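Some notes on the structure that comes next.
This is a predicted model, so every value here is computed, not measured.
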Amino acid sequence: MAQKLTPMSKDFSRWYTDIVQLAELADHAPVKGCMVIRPYGFGLWENMRDKLDRMIKDSGHENAYFPMLIPESFMKKEAEHVEGFAPELAIVTHAGGKKLEENLVLRPTSETVIYHMYAKWTMSYRDLPILINQWANVFRWEMRPRFFLRTMEFLWQEGHTAHRTEEEAEKETRLALEMYREFAEKVLAVPVIVGEKTASERFAGAVRTYCIEAMMRDGKALQSGTSHMLGQNFAKAFDLKFQDKDGEVRFAWNTSWGVSTRLVGAVVMVHGDDDGLVLPPVIAPIQAVIIPIYRSDEERTGVLEAANKIKEATKGIVRIKIDDRDQYKPGRKFAEWEQKGVPIRIEIGPKDVANSQVVFKRRHDREKEIVPLDKVAELLPERLAEVQQLLFDRAKAFRDEKTMTVDSYDEFKEKIGDGGFFLAHWDGTDETEAKIKGETKATIRCIPLELGQEEGVCMVTGKPSKQRVVFARAY
RNA sequence: CGGGGCGUGGCGCAGUCCGGUAGCGCACCUGCUUUGGGAGCAGGGAGUCGUAGGUUCGAAUCCUAUCGCCCCGACCA
């Protein structure tokens, strides 16, 4: 590793593909469109997953596991769902040396199996709600794959719930959405806009789709999580019914929500710079790396002794690595760990040992700080927390700067090429949305929930609009 | 599926026009000197030139077929 990296400004998409491989997050697999998530990338995902898993459990959900193979007929039971997913299904037709009686699809998402099972488990209103999450892999036969952002097999979490009433289901949908927002902002340090999708961008089979949208460093949007109010669509398709308090038999109300390994791509594209990754401390596989500097063997011994002291003192508090590889000089190690985005580098050389101090250097802004050796265990966690916050602030400032209000379609067309979020009025029709997409490649990322109402007129048709929506080019 | 590019040691490439039996950089291995911003020197290992046919005394190079990959677009978390 440690090769030169294409600068972001020169070719963002090249920068992205390069850094994913150089930082050893992932590599191409033998099957086109599939990737191998390497230990460093998987460590990042594991940290994200563990944090989110805690949040999911703390909000009353339980984990379970449903099978990857789904009878093909299941996929066809909900009309919109089939239509939405049919083009990207991978189907098993043969097994055990024979052609199967019924084809099996590799799940592209699990609504169908899960609601089939829920139907089996639900007799009475007393059996509700069902609040289940699963961590799984899913398959979608994509035409144009990209590391983490779009691969044919990806890892995710999908929450699936069943409720007695519509209100309760809607509340659940919003709860998941809010959980995602908190996760993105606190854990990933990625600011997001929370909103509702337009009909054209809605999940296949949902009544409403909510999402969180983040802005990448090239000004493009990345849908980073979705939460769907499924209404009774799947309940009806899978006969998920219960007898209510009043004796009536009713269909349950469902929600589903998910985030995927795509978030790894989001973290890369939100925080990275021309020197490589910049990882938020909360999820960084290595939060601080110690680079020992020495000439002689005695120096080496003294320096490594200090390094080990730090590692011991922060054990269980900070994920720390001592890079004691002897074949590389410090400069090489600096460059390598910068490329890998380790939030804080700790340099320890003979001078530092002599003065009972070390040098902290932050990855994201290169700030240096001399720290007394006996203060490291105390200060390091504080500094990491500060970095976490600074990364969020920086990303938010960037996004806000690239978010503008526009009222004229001409101005919109002129500026959309530079990226960014555009708050504009829209007449609410599919036609206008499609026209804008056709002419500018920009889509409505969401109808933001927190922007508030504002009377205005559609920038394209001049028809009345009650609030602004977020337009952007997206991944 | 449309457009563009490319298949040659692990990676990146030259050589292909004009056929003569494979080379460069990085990485790797060994040794010595180095070590506070990507070390230097010396020695060394490693390639059925994507695949299959054909032309030829001789093919990485010419002809035919075929497979695959990457980038840009349509689709999508």
Side-chain angles (χ1 to χ4, degrees), chain A residues 1-6 11-14 16-18 21-22 27-34 83-89 108-109 136-158 180 197 200-204 209 211-214 221-228 256-266 275-276 291-297 299-300 303 323-339 345-354 357-359 361 366 368 370 437-438 441 443 445 473-475:
Chain A
M1 78 150 276
Q3 307 293 307
K4 59 266 158 242
L5 176 64
T6 306
D11 183 347
F12 191 83
S13 121
R14 186 61 197 258
Y16 178 77
T17 330
D18 281 359
Q21 290 171 96
L22 287 173
D27 202 355
H28 290 294
V31 174
K32 179 189 170 173
C34 292
E83 201 186 322
F85 284 102
E88 48 193 32
L89 290 182
T109 179
N137 58 340
V138 286
F139 291 82
R140 296 183 187 179
W141 221 252
E142 301 291 351
M143 295 166 191
R144 202 153 97 65
R146 237 150 135 13
F147 283 125
F148 294 106
L149 304 180
R150 202 184 306 106
T151 47
M152 295 210 290
E153 177 185 7
F154 58 93
L155 305 181
W156 77 349
Q157 119 330 271
E158 48 181 327
Y180 287 157
K197 285 293 187 190
S200 72
E201 300 266 328
R202 198 177 283 152
F203 174 74
T209 288
C211 63
I212 53 172
E213 293 283 330
L222 184 75
Q223 178 174 309
S224 304
T226 47
S227 180
H228 315 291
S256 69
W257 27 275
V259 300
S260 71
T261 34
R262 166 174 266 201
L263 291 177
V264 173
D275 291 317
I291 310 292
I293 298 155
Y294 49 82
R295 291 161 203 274
S296 63
D297 278 351
E299 282 180 355
R300 183 170 195 273
V303 160
D323 186 354
D324 58 0
R325 290 176 300 172
D326 211 19
Q327 73 268 38
Y328 297 128
K329 300 202 327 181
R332 157 73 169 253
K333 295 179 182 176
F334 294 165
E336 233 179 75
W337 294 111
E338 274 165 11
Q339 203 165 67
R345 172 174 88 221
I346 303 174
E347 299 170 22
I348 311 177
K351 288 181 229 163
D352 302 309
V353 173
Q357 64 176 40
V358 302
V359 178
K361 185 154 185 194
R366 326 272 155 166
K368 261 193 180 187
I370 309 268
K437 185 177 181 181
K441 292 183 200 156
T443 50
R445 300 320 302 155
R473 285 189 181 156
Y475 277 96

Counting the atoms with a prime plus P, OP1 and OP2 as sugar-phosphate, which does A:S296 contact under 4.0 Å by heavy atoms, base, sugar-phosphate, or nothing? nothing
Taking for each residue the nucleotide of RNA chain B bearing the nearest heavy atom, is the 5' side occupied by A:V353 or by A:Y475? A:V353
Measuring to OP1 and OP2 of B:A77, would you say a side-chain N or O of A:S224 lies under 4.0 angstrom away? no
Under 4.0 Å between any heavy atoms, over every strand shown, what does A:E142 touch: base, sugar-phosphate, or nothing? Just pick one. base
Which base sits across from B:G68 as a Watson-Crick or G-U pair, both distances under 3.5 Å? B:C6
Nearest-nucleotide pick for A:P330, side chain only, options being B:G36, B:A77, B:C71: B:G36
Report which part of the nucleic acid A:F85 touches: base, sugar-phosphate, or nothing (heavy-atom distance under 4.0 Å, all strands). nothing
Expressed in whole Å, how much space separates the C1' atoms belonging to B:G15 and B:G9? 15 Å
Please examine the side chains of A:F154 and A:N137, heavy atoms only from C-beta on, and report whether any two atoms are closer than 4.5 Å. no
Return the value, rounded to whole Å, for the distance between atom CZ of A:R150 and atom C1' of B:C72. 12 Å
Starting the side chain at C-beta, find the nucleotide from B:C71, B:U35, B:G36 nearest to A:T17. B:C71
Complementary nucleotide for B:A14 - Watson-Crick or wobble, under 3.5 Å: none
A:L222 near the nucleic acid: base, sugar-phosphate alone, or nothing, with a heavy-atom cut-off under 4.0 Å? nothing
Rounded to whole Å, CE of A:M152 lies from C1' of B:C69 at a distance of 13 Å
Proximal nucleotide (of B:A74, B:A77, B:C76) relative to the A:Q223 side chain: B:A77
Under a 3.5 Å distance rule, please check whether A:T209 uses its side chain to pair with a backbone N or O of A:F203 as donor and acceptor. yes
Pairing partner of B:G73, by Watson-Crick or G-U wobble and under 3.5 Å for both distances, is B:C1
Within-4.5 Å side-chain heavy-atom neighbours: A:M152 and A:E88: no
Sort out the partner of B:A42 for me: Watson-Crick or G-U wobble, both distances under 3.5 Å, none otherwise. B:U30
Strictly below 4.0 Å: does A:K437 bring a side-chain N or O up to OP1 or OP2 of B:C75? yes
Rounded to whole Å, CG of A:L149 lies from C1' of B:C75 at a distance of 15 Å
For residues A:K361 and A:R366, determine if any side-chain heavy atom of one lies less than 4.5 Å from a side-chain heavy atom of the other. yes
Applying the 3.5 Å cut-off to both distances, the Watson-Crick or G-U partner of B:G36 turns out to be none
Taking atom C1' of B:C76 as reference, at what distance in whole Å does atom CG of A:L89 sit? 13 Å
The single option from A:V359, A:I293, A:V353 passing side-chain contact (heavy atoms from CB on, under 4.5 Å) against A:I348: A:V353
Using both distances under 3.5 Å as the test, list the Watson-Crick or G-U wobble partner of B:U55, or none. none
May I ask you to verify whether the side chain of A:K361 and the base of B:G37 hold a donor-acceptor pair under 3.5 Å? yes
Interface polar pairs with nucleotides 66-68 of chain B, N/O, under 3.5 angstrom:
none

With a 4.5 Å heavy-atom cut-off, do A:Q21 and A:F147 have their side chains touching? yes
Classify A:T226 by what it touches in the nucleic acid, base, sugar-phosphate, or nothing, heavy-atom distance under 4.0 Å. nothing
Can you identify which nucleotide, out of B:G38, B:A77, B:G36, has its nearest atom closest to the A:R332 side chain? B:G38
Examine distances only and state if a side-chain atom of A:Y328 and a backbone atom of A:D323 form a donor-acceptor pair shorter than 3.5 Å. no
Quick check: A:F148 with A:Y475 (ring centres under 6.0 Å apart)? no
Paired with B:U48 by Watson-Crick or G-U wobble geometry, both distances under 3.5 Å: which nucleotide is it? none
State the pairing partner of B:U21; accept Watson-Crick or G-U wobble contacts with both distances under 3.5 Å, and report none otherwise. none
Is there a side-chain contact between A:K351 and the phosphate of B:G36, meaning an N or O under 4.0 Å from OP1 or OP2? no
Donor-acceptor contact below 3.5 Å, side chain A:T151 vs main chain A:E153: yes
Hey, is the side chain of A:H28 poking within less than 4.0 Å of OP1 or OP2 on B:C69, counting only N and O atoms? no
Need one value for A:F154: base, sugar-phosphate or nothing, where a base atom within 4.0 Å counts as base even if backbone is also close, heavy atoms only. base
Whole-Å distance between B:C71 C1' and A:D18 CG? 12 Å
Looking at the base of B:G36, is there any donor atom on it, or on the side chain of A:R295, that sits under 3.5 Å from an acceptor on the other one? no
Whole Å only: how far is the NZ atom of A:K197 from the P atom of B:C76? 11 Å
Can a donor-acceptor pair be found, under 3.5 Å and without considering hydrogens, that links the side chain of A:Q339 to the backbone of A:A335? no
Between the side-chain atoms of A:R140 and the base atoms of B:C76, is any donor-acceptor pair under 3.5 Å? no
Please answer whether the main-chain N or O of A:E213 pairs with a side-chain N or O of A:R445 as donor and acceptor at a distance below 3.5 Å. no
Using a 4.0 Å heavy-atom cut-off across all strands, classify A:V259 as base, sugar-phosphate, or nothing. nothing
Is_stacked (A:Y328, B:G38) at 5.5 Å, 30 deg: no
How is A:D326 classified with respect to the nucleic acid when contacts are heavy atoms under 4.0 Å: base, sugar-phosphate, or nothing? nothing
I need the NZ-C1' distance between A:K329 and B:G37, as an integer number of Å. 9 Å
Quick one: is B:G73 close enough that its OP1 or OP2 comes under 4.0 Å of any side-chain N or O from A:R144? yes
Under 4.0 Å, counting only non-hydrogen atoms across every strand here, what does A:R146 touch: a base, just sugar-phosphate, or nothing? nothing
Can you work out whether A:E338 or A:G84 has the more 5'-proximal nearest nucleotide on RNA chain B? A:E338
Rounding to an integer number of Å, can you tell me how far A:L22 CG sits from B:G12 P? 11 Å
